[in-house]
**Student:** 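Here you go, one structure.
The chain is numbered in sequence order, starting from 1. Atom set for the values below is all heavy atoms of this structure, side chains included, hydrogens, waters and symmetry mates excluded.
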Amino acid sequence: MNSDQRGVPRREFLKAAVAIGGASALSACLGRTDDPIPGGVADPTTLPTRQHAWNDHAARDDAGNVLPPRHHVLLHLSLPAGPAATTDADRRAVTAALTALERAYEWSNEGLLFTIGYSPAYFDALDATPTGVDLPRPRALSELESPTLDEPDAILHLASDRADAVLEAEAALRGDRDAANDEPIDATLTSVFDVVDRRTGFVGAGLPADNQDTGGVPEDAPVSEDAPLYMGFKSDFEGSQATEDRVTIDDGPFAGGTTQHVSHITLNLQQWYGQDDREDREAKMFCPAHAADDRIEGTGENLGAAPGLDGSPAPAESAREDGMVGHGQKLQVVREDGRPIILRRDFDSTDGGQAGVHFLALQSAISDFVRTREAMNGADVTADSAVGRTANNGIRQYLSVTNRGNFLVPPRPKRALPKPDA
């Protein structure tokens, strides 16, 4: 692992730079590498209509699983005068700012991937709901949570394997740079929006291990070097993800778009690593049968393109016989055509000095996310067994939801301050 003259691991430095943000962090990143960032397209209209069309432009592992971009920024955006006061000039400014990024950076994990979405509160301010879209306002989805409900007008998600790309793109959108990847920037997002919150994160082998000196993680640094996420297992199996087609809105003025749920969850890894042994963690993350049969090696790379939960015992059966149910096992009941109904693009975080997860999910309707979350809660299992609401109930014991938000991610041609009927 490369380190600088101060002995700071390169991965740890890049993650810290994204978390800090600003001109000094970008300058430090740019000074760390001479590798050019791939440039974008001359005509952004040639890019996919779907903002969320990332998979064909992402890296994949040897088993064909999509590897998510390593560095992420979420910007919560507010319209100072409110959505009802926006003008066609504002729409042109937003379009110009976003298309400038597409000319500057390749649409890929090595360049820059991004989406902009709009909250139910944005549409409520226009006295309408988006036509043909299931987009309720966020709410608590368990009797055990009392989250802050995030309702900015919009949310921007920037993602790349390159920390310098994420930071430079953000700086350009804020008006702090007049060029991005040597492409002139003539319009800024902050000419229309105020940035009211900034959240960051990371995913990928080595990054959680490099960043486990934070709240919620035991002092003996138990996160393995090859783990892509704090909890030690991979989760991006092709077979445990919905397809981009499945999560795309098919009909109406927002056809080609998707809905997005974004939660923030704090992790209690003191319990995960301090109280549970490896077999318990396997059982709770996957299912007790996986642990009993010793099916998982390391982070689960040996499982290939699917977690191997097809044909696993029903959650109620494991609850009765093993006194425990697995997280993945519970989610098997919410599948269509053999696949889940949500597409996860979650990533870990140290926001607030605490190990956490920004759980970002795409689905054609928010109700699909709600169904998935209800399966994770496992209320039917706890009603008929000794499994508790959290104890031995998948990974619920180790997660605390602090924030929830719902958004519509319109198709690319309608992403600039959409009207309810597009």
Side-chain angles (χ1 to χ4, degrees), residues 50-52 54-55 68 72-77 113-124 129-130 132-142 144-159 197 199-201 203 229 235-236 240-244 246-249 254 257-267 327 330-331 334-336 339-349 351 356-377 394-396 399-411 415 418:
R50 302 173 183 178
Q51 288 193 71
H52 61 286
W54 292 15
N55 288 357
H72 299 258
V73 171
L74 293 170
L75 298 180
H76 286 199
L77 305 172
L113 297 165
F114 63 91
T115 62
I116 188 169
Y118 296 85
S119 69
Y122 166 89
F123 291 103
D124 285 351
T129 57
V133 181
D134 173 26
L135 188 73
R137 299 186 84 147
R139 61 181 176 87
L141 296 177
S142 162
L144 301 179
E145 65 180 54
S146 182
T148 297
L149 303 180
D150 291 330
E151 298 193 277
D153 290 314
I155 188 170
L156 181 75
H157 179 201
L158 302 170
D197 199 5
R199 302 176 186 179
T200 67
V203 59
L229 294 165
S235 67
D236 52 11
S240 62
Q241 292 276 46
T243 64
E244 287 179 340
R246 174 61 179 82
V247 304
T248 298
I249 297 168
F254 292 103
T258 189
T259 71
Q260 181 184 75
H261 179 85
V262 185
S263 309
H264 177 260
I265 302 167
T266 59
L267 299 174
H327 173 69
K330 288 184 291 181
L331 298 183
V334 192
R335 295 169 75 86
E336 293 180 2
R339 298 285 288 267
I341 58 176
I342 69 170
L343 174 58
R344 293 173 292 101
R345 287 182 171 156
D346 49 301
F347 47 93
D348 281 348
S349 176
D351 285 354
V357 177
H358 292 297
F359 192 91
L360 190 155
L362 304 178
Q363 50 283 311
S364 58
I366 291 296
S367 58
D368 288 340
F369 178 82
V370 173
R371 287 172 56 197
T372 302
R373 174 64 206 206
E374 288 174 346
M376 177 182 167
N377 290 344
I395 57 175
R396 289 195 72 193
L399 312 180
S400 297
V401 178
T402 67
N403 299 73
R404 289 196 182 279
N406 295 334
F407 304 90
L408 165 64
V409 178
R415 65 185 172 181

**Student:** So, do Arg246 and Arg339 sit near enough that their side-chain heavy atoms are less than 4.5 Å apart?
**Tutor:** no

**Student:** Do Ser235 and Leu229 come within less than 4.5 Å of each other through their side chains, counting heavy atoms only?
**Tutor:**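 Touching, per the 4.5 Å side-chain cut-off.
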
**Student:** Which residue, Asp368, Thr372, Thr259, forms the side chain to side chain donor-acceptor pair (under 3.5 Å) with Gln363?
**Tutor:**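 It is Thr259, the one option of Asp368, Thr372, Thr259 that forms the side chain to side chain donor-acceptor pair (under 3.5 Å) with Gln363.
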
**Student:** Give, for atom CD1 of Ile116 and atom CG of Leu156, the distance between the pair rounded to the nearest 0.5 Å.
**Tutor:** 5.5 Å

**Student:** Pair Thr148, Asn403 - check side-chain contact (heavy atoms from CB on, under 4.5 Å), show working.
**Tutor:** CA-CA 5 Å; Thr148 297; Asn403 299 73; 3.6 Å; yes

**Student:** Indicate the atoms forming the closest heavy-atom contact of Leu343 with Ala242, along with that distance.
**Tutor:**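 The pair with the smallest heavy-atom distance is CD1-O, 3.4 Å.
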
**Student:** Are side-chain heavy atoms of Leu267 and Leu399 found at a separation under 4.5 Å?
**Tutor:**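 Yes, their side chains come closer than 4.5 Å.
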
**Student:** Do Phe254 and Pro418 have side-chain heavy atoms sitting under 4.5 Å apart?
**Tutor:**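 Side-chain contact under 4.5 Å: yes.
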
**Student:** Do you know the tightest heavy-atom contact between Phe359 and Asp346?
**Tutor:** CA-CB, 3.7 Å

**Student:** What closest approach, in Å, do Phe114 and Trp54 show between heavy atoms, and which atom pair accounts for it?
**Tutor:** N-CZ2, 3.7 Å

**Student:** Measuring from His76:NE2 to Ile155:CD1, what's the distance to the nearest 0.5 Å?
**Tutor:**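 His76 atom NE2 to Ile155 atom CD1 measures 3.5 Å (nearest 0.5 Å).
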
**Student:** Looking only at heavy atoms, what is the nearest atom pair of Ser142 and Arg396, with distance?
**Tutor:** OG-NH2, 2.8 Å

**Student:** With heavy-atom distances below 4.5 Å as the criterion, would you say the side chains of Leu331 and Met376 are in contact?
**Tutor:** yes

**Student:** Taking side chain to side chain donor-acceptor pair (under 3.5 Å) as the test, write out the residues that go with Asp351, two or more places apart.
**Tutor:** Thr200, Ser349, His358

**Student:** Can you give me the closest heavy-atom contact between Ala140 and Glu145, atom names plus distance?
**Tutor:** CA-OE2, 3.3 Å

**Student:** Look at the rings of His72 and Phe347 and say which category their plane angle falls in: under 30° parallel, 30 to 60° tilted, over 60° perpendicular.
**Tutor:**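 Ring orientation, 0 to 90° scale: parallel.
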
**Student:** Do Phe407 and Thr115 pass the side-chain contact (heavy atoms from CB on, under 4.5 Å) test, and can you show the C-alpha distance, the side-chain angles, and the key distance before you say yes or no?
**Tutor:** CA-CA 11 Å; Phe407 304 90; Thr115 62; over 6 Å; no

**Student:** Between atom OG of Ser367 and atom CG of Leu135, what is the distance when rounded to the nearest 0.5 Å?
**Tutor:**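 The OG atom of Ser367 sits 11.0 Å away from the CG atom of Leu135.
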
**Student:** If we ignore hydrogens and angles and just use 3.5 Å, is the side chain of Asp348 paired with the main-chain N or O of Val203 as donor and acceptor?
**Tutor:** no

**Student:** Could you report the tightest heavy-atom contact between Glu151 and Pro138, atom names first, then the distance?
**Tutor:** OE2-CD, 3.7 Å

**Student:** Taking the side chain as C-beta and beyond, is there a heavy-atom pair between Arg139 and Arg404 under 4.5 Å?
**Tutor:**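 Heavy-atom side-chain distance check fails, nothing below 4.5 Å.
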
**Student:** Going by side chain to side chain donor-acceptor pair (under 3.5 Å), name the residues that satisfy it together with Arg373, two or more places apart in sequence or in a different chain.
**Tutor:**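 Applying side chain to side chain donor-acceptor pair (under 3.5 Å) to Arg373 gives Asn377.
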
**Student:** How long is the span from the CD1 atom in Ile249 to the OG1 atom in Thr258, to the nearest 0.5 Å?
**Tutor:** 6.0 Å

**Student:** Measure the acute angle between the ring planes of His261 and Phe369, then classify it against the limits of 30° and 60° as parallel, tilted or perpendicular.
**Tutor:** parallel

**Student:** Output the distance between atom CG (Leu360) and atom NE2 (His157), rounded to the nearest 0.5 Å.
**Tutor:**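 It comes to 5.5 Å.
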
**Student:** If only atom types and distance count, is the side chain of Gln51 paired as donor or acceptor with the main-chain N or O of Val409 below 3.5 Å?
**Tutor:**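 Flag not set: sc Gln51 to bb Val409 has no pair under 3.5 Å.
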
**Student:** Within this structure, what is the CG-CZ distance for the pair Asp236 and Arg344, rounded to the nearest 0.5 Å?
**Tutor:** 7.5 Å

